[in-house]
Amino acid sequence: MNRKGVTLFETMVVLSVCLVLSIPVILPKDDNNQDWQNVKQEFAQKYIKEQQKVVLGKELNFNIYGYKNTIIIGSEKIKLPRGWFAGNYVHINWRSTTVTADTISFVNRNTNKHILLIFQLGGGMYRFTT
């Protein structure tokens, strides 16, 4: 039998293969790790900026704390990734001579995952932990 054209079944098979191949493009990606990398980089930049203000004598000190879905560092604000909030209200004070040692906790309300911003006593060393 000689036929010209495409059947409905063949068309449906081709469309379903295309749909399956496009799923990775359509579905939202979990950019949470990438978002936290951006937060860490932005924090490092703003932390240095605030340190320079104190060292140059423009300000006496600055404070760091988490509030709702932001990290506040001096006069600067850093928005946390979607779903993350400050889990505790800790006030870290940075002066040219000393830094308050403490930990700011961040919680993802969807997954209950925690990330900590830990400040060591003395020179102002900090680290993020997961």
Checklist entry - Which residues satisfy the side chain to side chain contact (heavy atoms under 4.5 Å, CB included) test with Q41, sequence neighbours excluded? => result N38
Item to check | Residues that K77 engages under side chain to side chain donor-acceptor pair (under 3.5 Å), provided they are two or more places apart | outcome: none
Item to check | Same apolar cluster (I L V M F W Y, side chains within < 4.5 Å links), I72/V39 | outcome: no
Checklist entry - Cluster question for you: counting only ILVMFWY and a side-chain heavy-atom cut-off of under 4.5 Å, with indirect links fine, are I73 and F85 together? => result no
Next on the checklist: Suppose we screen for side chain to side chain contact (heavy atoms under 4.5 Å, CB included). Which residues come up paired with Q45, at least two apart in sequence or across chains?
Outcome noted: none
Checklist entry - Any side-chain heavy-atom pair from Y89 and Y65 closer than 4.5 angstrom? => result yes
Item to check | Any residue meeting side chain to side chain donor-acceptor pair (under 3.5 Å) with Y47, in chain and number order, not counting sequence neighbours | outcome: W94
Item to check | ILVMFWY cluster, I115 and V107 together (side-chain gap under 4.5 Å) | outcome: no
Item to check | Those residues that, when tested against H114, pass side chain to side chain donor-acceptor pair (under 3.5 Å) (two or more places apart) | outcome: none
Checklist entry - Which residue pairs pass the salt bridge (Lys or Arg N to Asp or Glu O under 4.0 Å) test when at least one of the two sits in residues 99-111, sequence neighbours left out? => result none
Checklist entry - Who are the ring pair (Phe, Tyr, Trp, His ring centres under 6.0 Å) partners of Y67, not counting sequence neighbours? => result none
Checklist entry - Do L116 and F128 have side-chain heavy atoms sitting under 4.5 Å apart? => result no
Item to check | ring pair (Phe, Tyr, Trp, His ring centres under 6.0 Å) partners for F9, two or more places apart | outcome: none
Checklist entry - How many angstroms lie between atom CD1 of I104 and atom CD1 of I64, to the nearest 0.5 angstrom? => result 6.5 Å
Checklist entry - Quick one: OG1 on T100 to CD on Q120, what's the gap to the nearest 0.5 Å? => result 13.5 Å
Next on the checklist: Same cluster or not: I92 versus F43, using hydrophobic residues (I, L, V, M, F, W, Y) connected whenever any side-chain heavy atoms lie under 4.5 Å apart?
Outcome noted: yes
Checklist entry - Does I48 have any side chain to side chain contact (heavy atoms under 4.5 Å, CB included) partners at least two apart in sequence or in another chain, and if so, which? => result Q51, Q52
Next on the checklist: Rounded to the nearest 0.5 Å, what separates atom CZ in F62 from atom NZ in K49?
Outcome noted: 12.0 Å
Next on the checklist: With rounding to the nearest 0.5 angstrom, report the CH2 to CG distance, W36 to N108.
Outcome noted: 9.5 Å
Item to check | NZ/NE/NH1/NH2 to OD/OE distance under 4.0 Å, E50 and K46 | outcome: no
Checklist entry - Looking at residues at least two apart in the chain, or sitting in another chain, which of them share a side chain to side chain donor-acceptor pair (under 3.5 Å) with R95? => result N93
Checklist outcome for this item: Nearest heavy-atom contact between A86 and G66 is CB-C, 3.6 Å
Next on the checklist: Test of understanding: with side chain to side chain contact (heavy atoms under 4.5 Å, CB included), list the residues that count as partners of S16, not counting sequence neighbours.
Outcome noted: none
Checklist outcome for this item: Apart from L60 itself, members of its ILVMFWY cluster (side-chain separation under 4.5 Å) are none
Checklist outcome for this item: Between the CZ atom in R127 and the CG atom in L117, the distance rounded to the nearest 0.5 Å is 10.0 Å
Checklist outcome for this item: d(L80 CG, T70 OG1) to nearest 0.5 Å is 6.5 Å
